[in-house]
Amino acid sequence: MKELKAFFTKTPTGGIFLALILVCALFSSMTSRFLTPTNISVILNQVSVNAILAFGVTFVIIAGGIDLSLGSLVAVCGVVVALLSQNNEYSLSLAIIGTLIAGIALGALNGFIVVLTKVPPFIVTLGTMTIGRGVALILSKGRPISDLNESLNFLGNGDVFGIPIPILFLVLSYATCHILLTKTIFGRYVKAIGGNEMASYVAGVRVNRIKLYVYMISGLFAALAGILLTARINTGQPNAGLGFELDAIAAVIIGGTSTRGGKGTITGTLLGVLFIGVINNGLDLINVSAYWQQVIMGGIIILAVVLDGLYQKLKMNI
Amino acid sequence: MAEQDCLLKIKGISLAFSGTPILKSVDLSLYQGEIHALVGENGAGKSSLFKCILGIISPSQGEIIFLNESLSGYSIRDILRKGIAMIHQELMLIPELTVAENIFLGRETAQGKRMGLSEINQATTDLFREYDLDIPVGAFVKDLSIAHQQIIEIMRSVSQKARLILMDEPTSSLTEKEVVFFRQLIFRLKSEGISIVFTSHKMDEVFDFSDKISVLRDGEMVGTFSKEEVDPMSLVQKMVGREMKDFYPKALSEVGQAIISVNDLSCVPHFEHVNFTLHAGEVLGLSGLVGAGRSDIGQVLFGVKKKTSGTMYLKGQEYNPGNPSEALRAGLGYLGEDRKEMGIIPEMNITENMSLGLLDAYRKFLFIDQEKESLDAAEMQSRLSVHSAKEGQRIQNLSGGNQQKVLFGRILLNNPEVLILDEPTRGIDVMSKFEIYTLILALKKQGKAVLLISSDLPELLAMSDRVIVISKGKQMAELSRDNASPEKVLEFSLH
């Protein structure tokens, strides 16, 4: 009991974890279809793309930046992987590696502009968001790309030992990002420059290099998300990923990462993603209309941040 | 003084936070037109006492009486209206508004009638004329110096008819010249019958400004003294509660070979044609007013700023760091003048703050060797006696002196040969100052070369073997320890 209390009050992600449990309890009391192995697998599968995007952008936000181009990068990379795997022209692994490199390069473009011009990342990535959407339409000539490599389809819809492949990617991405943020020098410096950029620079941290890397990571995970999305719907869609950046950023913020930078966790982001996913899924199950779902979702995002603030204060007094 | 002149009377105030006593039955009397210094180490309870007077926190025991009326139960706003104002260390002005707009902020309606911009400007102009202030009332606050911003805050209190103004370290970010002006202003306020209570860590100002001096130690009022009853040394002893032999420890050591030479170095527009040599085992002081270019010299040496011409040599080799990281690897250490801006990462703990920028030394495959890292940091923490309440405490919760010691730890972990220390004791308590002086001299004895930049003239003169005076970006003089007197240094600074 004592350990339990300590977990909820002492760990930074205790609050969102508690909220997630409460929401799950609420939905299971309302419908018996919620807490079933199948539904849990459905939820995880549904959130995998958002989770992968959110993990990547967590680094950017902790470093004090923002990446609004995520949705467009998903579209560009989704189109690229579709083009590369059309008509079996290249092998699947070549198509995937090529797409991941494209994602990293596009992320690097964001990073270079931010570092070299000192224009706020909000503006830079707002620009590249529009550019990216245009590039996706140019590459695809504005049409969906079909007739893709069959094994690509397997990535989106297949499973290994009964576990859907997107969920495996989710788990793998979580582990990689968590270790990267908490155990490596890079992760430490990401938090440092988000906490105080000038102090980090004076202390000898290569601030520009770290900033460039965080946008490259964001680009890499956007590419991975784009590949999974294209694989799932078996088509390269230039209009895919619209508004994905907002879902990802919402999950990061609900997960307790400060928008001012300097602190945050990958576990928090995962919980934020699950929180959004569970609410979407639960509202579907209890037949709330899709229009109302958006209204409720928006309210919950604001509420979550307000409650987290109160909860942090409360924690001080326990 | 007669009892009826008593402006504010504090009777037996006690305060505790979660069991820890902060103030223990504190008494204090303030009289009209009095300048009163409140001194004590960081954590002695000075700011808590201010907060009690302002009604921000209410004491668990005791009473505060202002103009024969108890303040208990009044809100912060009520107390402000009654005539108690506070000038915080971090100024509370709105940068995007003009001087006049800031002064009348929140009070644009006078006697039920809305004041237009021209009326506000006129009222401010009148007020400034009365006090002989030469600050344009239409200027944006963001374009003013810190000193002018502070004056505007003080004038805001005056225009609010404050009878008592509390000031938290008002001179900590002022230059020598600005302090002179500040002194004139508070004496003027005094002559108008306004009382002032201020905190300061600078002994010369405490004795120069105040009529009475009250000492707080660990939440207890040691006593209130007139200037004649105490001297700086005995005051410091009352603050720390034990005897200190000499405030500036002395260590004479042999000066070794040249480590850094600077030849006709310029960084336009900050400074030009600077020449000096820094030797092993030497403390070289850089003096000058804030903004004269002395901090910029340190920053160019450490690669924070780029030189525009001239050459630097490090142990005979030409040296031109592209960024702080290169300077660090060349064997330099740097302490920036503003701890909050250039020093600490507030959310991180002591260990993480110490190892910042040095993690390549703790690389284990792809990861940080956290065991070795915390071991080294813990050792450094005890060597520098950094006091923290609990393990893993965030640096933002430490006192200024302890934060500064952590930043020293960061420098020492890299074992540099040259230390550039810009305002190493700004805004920290007396005990920590003493510890830092002792540390600097120990480093000097080890043969480290130290470039000391400081606005605290007594400190600079006591610590430095030689002093270079910079004025308006130009090197005015180089004085040996025996030749350097405060008058001489000031004369060259103001040249």
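Values below: every heavy atom of this structure, side chains too, minus hydrogens, waters and symmetry copies. For clarity, every value in this text was computed on a predicted model and none was experimentally measured. Here is the naming used below: chain letters follow the sequence lines, and residue numbers restart at 1 for every chain.
The contact between F367(B) and chain A is made by backbone and side chain atoms together, counting heavy-atom distances below 4.5 Å. Residue M348(B) touches chain A through its side chain alone, counting heavy-atom pairs closer than 4.5 Å. Heavy atoms of L328(B) lying under 4.5 Å from chain A belong exclusively to its side chain. Contact of L358(B) with chain A is made through the backbone alone, with heavy-atom distances under 4.5 Å.
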Please list every donor-acceptor pair closer than 3.5 Å that links chain B with chain A, giving the two atom names and the distance for each.
residue : atom : partner : partner atom : Å
S325(B) : OG   : R206(A) : NE           : 3.1
K340(B) : O    : N196(A) : ND2          : 2.9
E341(B) : O    : N196(A) : ND2          : 3.3
I344(B) : O    : N196(A) : ND2          : 2.8
G357(B) : N    : Y189(A) : OH           : 3.0
L358(B) : N    : Y189(A) : OH           : 3.4
L359(B) : N    : Y189(A) : OH           : 3.1
I368(B) : N    : K183(A) : O            : 2.9
Q370(B) : NE2  : T182(A) : O            : 3.4
E373(B) : OE1  : R188(A) : NH2          : 3.1
E373(B) : OE2  : R188(A) : NH1          : 2.7
E373(B) : OE2  : R188(A) : NH2          : 3.4

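Ranked by heavy-atom pairs under 4.5 Å with chain B, the list V202(A), I185(A), L180(A), I179(A) is led by I185(A). Annotation: maximal heavy-atom pairing with chain B below 4.5 Å, among A203(A), G194(A), G187(A), occurs at A203(A).
A donor-acceptor pair under 3.5 Å links the side-chain atoms of Y319(B) to the main chain of L301(B), judged by distance alone. S60(B) places a side-chain N or O within donor-acceptor distance of the main-chain N or O of S14(B), the cut-off being under 3.5 Å. Looking only at distances, no side-chain donor or acceptor of K448(B) sits under 3.5 Å from a matching main-chain atom of L419(B). In terms of modelled atom types and a separation under 3.5 Å, the side chain of R294(B) and the main chain of G288(B) share a donor-acceptor contact.
Open room surrounds CZ on F112(A); 12 or fewer heavy atoms of other groups in view lie less than 6.0 Å from it.
By the 4.5 Å heavy-atom criterion applied to side chains, L398(B) and S388(B) are counted as neighbours. The shortest side-chain heavy-atom distance between L278(B) and V418(B) falls under the 4.5 Å cut-off. The side-chain heavy atoms of N320(B) and K307(B), taken from C-beta on, include a pair separated by under 4.5 Å.
Here the straight-line distance linking atom CD1 of I411(B) with atom CE of M380(B) works out to 10.5 Å at 0.5 Å rounding.
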